[in-house]
Amino acid sequence: MIALTLAEIADLTGGQLNDAADPAAVVSGFVEFDSRKVTPGGLFVALPGDKVDGHQFAAAAAAKGAAGVLAARAVDAPAVIVDAAGDSDGEVFQAVVDALSALARAVAERLTREHGLRIVGVTGSAGKTSTKDLMNAVFSAEGPTVAPPGSFNNELGHPYTVLRCDESTRFLVAEMSARGIGHIAHLATIAPPSIGAVLNVGSAHLGEFGSRENIATAKGELVESLPAAADGGVAVLNLDDPFVAAMAGRTSAKVVTYSAATPPAPGADYVATDVELDDVARASFTLQGPGFTPVPVSLRVFGAHQVSNALAAAAAAIEAGMEPATVATALSGHRAASAHRMDVSTRRDGLTIINDSYNANPESMSAAVAALAYTASAHPGSRAIAVLGPMGELGGDGITAHRELGLSLAKFNVDHLVVVGEGELTEAVAEAAAERGLDVSRAGGVEEAVERVNTIVATRPPFSGEERGPDVVLVKASNSAGLWRVAELLSDTREGQSSAGR
């Protein structure tokens with residue numbers, strides 16, 4: 001964060017200094033919500049939670065070197081205290097978040113005006129975090145870049161990320177999520193982007209939005225927030241998604257489009273040609289775009305869907321002024337950065353584990369199952385095993401979406417399905433898959449799922465070929481299911497493991 005005195009922070013947030021605060025004390029370190037992570041010179045943000053109230057840890061944060069605390073209740077440490085509408089945890093939480101957002105807005109404005117910070121926003125129903133990670137890798141090749149850890153993409157994580165920037169930061173990659181109309185518009189006021197990429201409009205959070213049209217309205221708020229083309233605004237739109245393509249009429253920014261389809265959508269500015277996948281579904285392709293010689297890209301992240309994500313990252317970077325060859329090299333050198341997202345490893349007994357358990361919606365589930373099928377098909381006799389939990393936040397379409405998932409597994413030549421958890425959603429997957437002839441097992445929890453998979457792997461039917469290839473297992477569900485533990489325990493159930501492609 002840029003250096004600010006407590007007096008300046010109080011002025012920017014509309015707060016008051018308490019008696020313990022020195023107005024001239026300088027905050028020059030990171031903002032933290034966890035007092036255990038505070039470093040000297042940092043700012044501790046006190047938030048009430050489900051089990052503990054951060055205000056109770058203000059003194060501990062000061063003891064670790066925090067220069068001050070941002071709070072909405074009295075604390076026993078130097079602090080900026082902001083007013084809350086009331087004393088309920090919800091009202092206090094909102095007051096502190098609003099103050100944090102105001103502070104981030106002021107920092108972003110100053111860095112943009114005085115130091116040329118370029119802010120790049122990315123949103124979409126699926127692929128936001130993977131694309132954010134690709135953008136981070138690409139822009140970092142050009143200069144110091146800040147991007148959110150994991151999926152810090154909401155009204156709390158967004159200002160937290162903005163405040164990681166300082167005078168040396170050249171690019172801020174802002175992942176923007178929405179659970180309602182107006183959310184992305186709000187995030188864009190905190191750190192106004194000059195480049196915005198919209199990846200897709202799918203069915204994630206359909207239960208909250210009510211329709212894909214409403215989701216498109218929310219996602220399109222990003223391009224509406226961009227400056228005009230004459231002022232450097234650039235909207236990067238996925239021409240393969242009609243909802244996204246239609247957003248071109250909602251912005252005064254320059255519009256550039258990309259297409260990962262084969263053949264590419266007519267009129268797309270950035271395309272991938274000569275796409276090939278290796279035996280663990282890592283794509284290589286030729287990047288083509290306006291005004292430059294095509295350049296080769298060989299991704300080290302897994303799944304054919306990553307081609308589209310890479311095109312979005314490439315288009316944003318090239319439109320920001322980066323050389324296409326530099327962009328291609330950065331894309332080719334990037335490995336998965338966010339945990340439990342298409343993380344592929346291989347056990348010593350040969351089992352390949354695709355851990356994509358961070359989250360799930362119909363679009364990302366389809367992409368992951370396709371990666372499973374492709375990886376298994378690369379070796380004669382390899383079997384595809386899907387360990388699946390429920391997809392959340394689909395509203396009234398939930399059962400239908402899960403049934404369609406179960407029916408689709410046969411199309412992808414999945415051999416075995418292990419459904420984890422009880423309820424009508426997982427049962428809909430299991431019943432539909434069984435109708436199509438899949439071998440279906442049910443597991444009540446993580447340990448039972450691991451046992452089911454290891455039993456399947458250990459029971460290998462006769463094979464007519466010279467050598468049977470190793471089995472491949474995909475682990476995927478919404479994050480709340482906690483299936484990342486299945487992937488971890490599968491890796492631990494045989495001695496050692498190695499990352500695929502090392």
Side-chain angles (χ1 to χ4, degrees), residues 1 4-27 29-108 148 151-164 176-191 205 208 393 480:
M1 190 172 108
L4 294 169
T5 65
L6 288 181
E8 288 175 309
I9 292 174
D11 181 59
L12 293 171
T13 60
Q16 300 292 324
L17 298 177
N18 68 1
D19 291 341
D22 175 4
V26 176
V27 173
F30 288 136
V31 169
E32 294 293 354
F33 307 123
D34 187 336
S35 62
R36 296 168 296 184
K37 296 181 179 180
V38 168
T39 55
L43 179 69
F44 174 58
V45 180
L47 291 169
D50 293 335
K51 297 181 179 179
V52 297
D53 184 351
H55 292 79
Q56 299 171 353
F57 298 91
K64 291 204 67 176
V69 178
L70 184 61
R73 287 173 174 154
V75 295
D76 52 353
V80 174
I81 309 295
V82 297
D83 289 334
D87 196 46
S88 72
D89 283 351
E91 290 166 320
V92 169
F93 182 94
Q94 191 60 54
V96 175
V97 170
D98 288 345
L100 187 70
S101 296
L103 180 60
R105 184 178 299 111
V107 168
S151 292
F152 258 42
N153 55 22
N154 60 13
E155 71 279 4
L156 186 59
H158 184 55
Y160 171 90
T161 302
V162 174
L163 292 170
R164 312 305 269 187
M176 297 180 173
S177 70
R179 292 180 179 273
I181 292 173
H183 289 183
I184 289 176
H186 169 68
L187 296 180
T189 67
I190 296 172
H205 308 304
E208 294 167 320
E393 301 172 335
S480 58

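As the structure is a prediction and not an experimental result, all values here were calculated from the model.
- The minimum heavy-atom distance between A25 and A67, with the atom names listed, is CB-O, 4.5 Å.
- Within the model, atoms NZ of K64 and OG of S35 stand 7.5 Å from one another, a figure rounded to the nearest 0.5 Å.
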Contacts under 3.5 angstrom, residues 94-102 side chains, donor-acceptor by atom type, not counting sequence neighbours:
residue, atom, partner, partner atom, Å
Q94, NE2, D98, OD1, 2.8
S101, OG, V97, O, 3.0

Name each donor-acceptor pair under 3.5 Å that joins a side chain in residues 36-44 to protein atoms two or more places apart or in another chain, with its distance.
residue, atom, partner, partner atom, Å
R36, NE, D34, OD1, 3.0
R36, NE, D34, OD2, 3.3
R36, NH2, D34, OD2, 2.8

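- With sequence neighbours left out, the side chain to side chain contact (heavy atoms under 4.5 Å, CB included) criterion links A63 to no other residue.
- Residues passing the side chain to side chain contact (heavy atoms under 4.5 Å, CB included) test with D53 are P48, H55, Q56, R73, sequence neighbours excluded.
- Rounding to the nearest 0.5 Å gives a distance of 6.0 Å between CG of L156 and CG of L47.
- The CG atom of D11 sits 8.0 Å away from the OG1 atom of T13 when rounded to the nearest 0.5 Å.
- Of all heavy-atom pairs between V92 and A72, the closest is CG1-CB, 3.8 Å.
- Minimum heavy-atom separation, T161 to P148: OG1-CB, 3.3 Å.
- Rounding to the nearest 0.5 Å gives a distance of 12.0 Å between CD1 of I184 and CZ of R179.
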- Message: Checking V107 against L12 for the side chain to side chain contact (heavy atoms under 4.5 Å, CB included) test, could you report, in this order, the C-alpha distance in whole Å, the side-chain angles of both residues, the deciding distance, and whether it holds?
- Response: CA-CA 10 Å; V107 168; L12 293 171; 5.7 Å; no
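- From R164, atom CZ reaches atom CE of M1 across 11.0 Å, with rounding to the nearest 0.5 Å.
- In terms of heavy atoms, A21 sits closest to L6 at CB-CD1, 4.1 Å.
- Contact detail for G49 and D89: the closest heavy-atom pair is O-OD2, 4.3 Å.
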Show, in sequence, the C-alpha distance, side-chain angles and deciding distance for F57 and V52, and conclude whether the side chain to side chain contact (heavy atoms under 4.5 Å, CB included) test is met.
CA-CA 9 Å; F57 298 91; V52 297; 4.0 Å; yes
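- Separation of atoms CG (L187) and OG1 (T189) is listed at 7.5 Å; rounding is to 0.5 Å.
- For the side-chain contact (heavy atoms from CB on, under 4.5 Å) test with V27, the passing option among L70, V80, L103, I9 is I9; the others fail.
- Atom CD of Q16 has 12 or fewer neighbouring heavy atoms from other residues, nucleotides or ligands inside a 6.0 Å radius.
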| query | How far apart are the C-alpha atoms of H158 and V162, what are their side-chain angles, what is the distance that settles it, and do they pass the side chain to side chain contact (heavy atoms under 4.5 Å, CB included) test? | reply | CA-CA 6 Å; H158 184 55; V162 174; 4.3 Å; yes
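- Shown here is D22, whose CG atom has more than 12 heavy atoms of other residues, nucleotides or ligands within 6.0 Å.
- Between T5 and P23, the shortest heavy-atom contact is CB-O, 3.3 Å.
- Checked against ring pair (Phe, Tyr, Trp, His ring centres under 6.0 Å), Y160 has the following partners two or more places apart in sequence or in another chain: F33, F152.
- Take A20 and apply the side chain to side chain contact (heavy atoms under 4.5 Å, CB included) test, not counting sequence neighbours, and it matches N18, P78.
- Remark: side-chain polar atoms of H186 are not paired, donor with acceptor, to backbone N or O of H183 under 3.5 angstrom.
- Side-chain contact between I81 and L17 is absent, with no heavy atoms from C-beta onward closer than 4.5 Å.
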